[in-house]
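Have a look at the structure below before the remarks.
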Amino acid sequence: MAILPIRLIGDPVLRTVCRHIGLDELRSDKIQRFIDDLIETMRDANGAGLAAPQVGHPLAIAAVLVSDNPRYPYKPNFPLTVVVNPTLTAIGEASEKLYEGCLSIPNLRGLVSRAMHVQVDALDRHGNPITFDVHGLSAGTFQHEFDHLEGRLFVDRVEDPDTFCTWDNFDRYYKDDFVKRAESIVQQYGG
Ligand code: NI
């Protein structure tokens, strides 16, 4: 396994609509090794998720893992999940504004509106169809990763540019309030 370099905003690969992968290609050694590297890179960078274009490959593959994440200590744990060719469907109307950050956009956070209940339809890394519902802050994480596969970044979705902040300024000015709100989101929606 290898740790891959993470592409940063301005790299055109982050603005590419990622292509779906056929079963034979997905099951190839090359793609299976790539998925291992994507997971390893996500773990190494303490990402809550990582999408293939962030390591330079415009393929519709993303990984999510939250395990006592130091970058997002208020996020509930979520088991390692690899989605291939995913579609996301919002369930109901509930949405909340969440502070997001991104490994491809160093030292910036901003407030983004996300659906609180989504259904994910995808293939797992072996090509088996999977469907699951995801809620709350975890739903936000999946929407962020899915956006990457469509060439979208969280900065595109920040409605109020006044909410952009560095990570230090997030800690200094906004964290206490947001952590309280994050706790109530977890209580209200789960995940
Ligand atoms: Ni990101």
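Numbering of residues begins at 1 and proceeds along the displayed sequence. Nothing here was measured: the structure is a model prediction, and the numbers come from that model. Note that ligands are numbered from 1 as they come in the structure, with each ligand's atoms numbered from 1 the same way.
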Fill in: Test log, rule salt bridge (Lys or Arg N to Asp or Glu O under 4.0 Å), inputs Arg114 and Glu100
CA-CA 10 Å; Arg114 294 296 190 185; Glu100 295 196 2; 2.6 Å; yes

Item to complete: State plainly whether the residues Asp36 and Arg125 are in salt-bridge range, i.e. N to O under 4.0 Å.
Response: yes

Discussion item. Distances under 2.8 Å only: what protein N/O/S atoms are near the Ni ion (ligand 1), ordered by chain and residue?
Written reply: Cys102 SG, His144 NE2, His148 NE2

Practice prompt. Answer with yes or no after comparing the ring centroid distance for Trp167 and Tyr72 against a 6.0 Å cut-off, counting only values under it.
Written response: yes

Discussion item. Side chains of Asn46 and Asn69: any donor to acceptor distance under 3.5 Å?
Written reply: no

Item to complete: Indicate whether any N or O donor in one side chain lies under 3.5 Å from an N or O acceptor in the other, for Thr131 and Asp121.
Response: yes

Fill in: Test item: Ser104 side-chain N/O and Arg7 main-chain N/O as donor-acceptor pair under 3.5 Å
yes

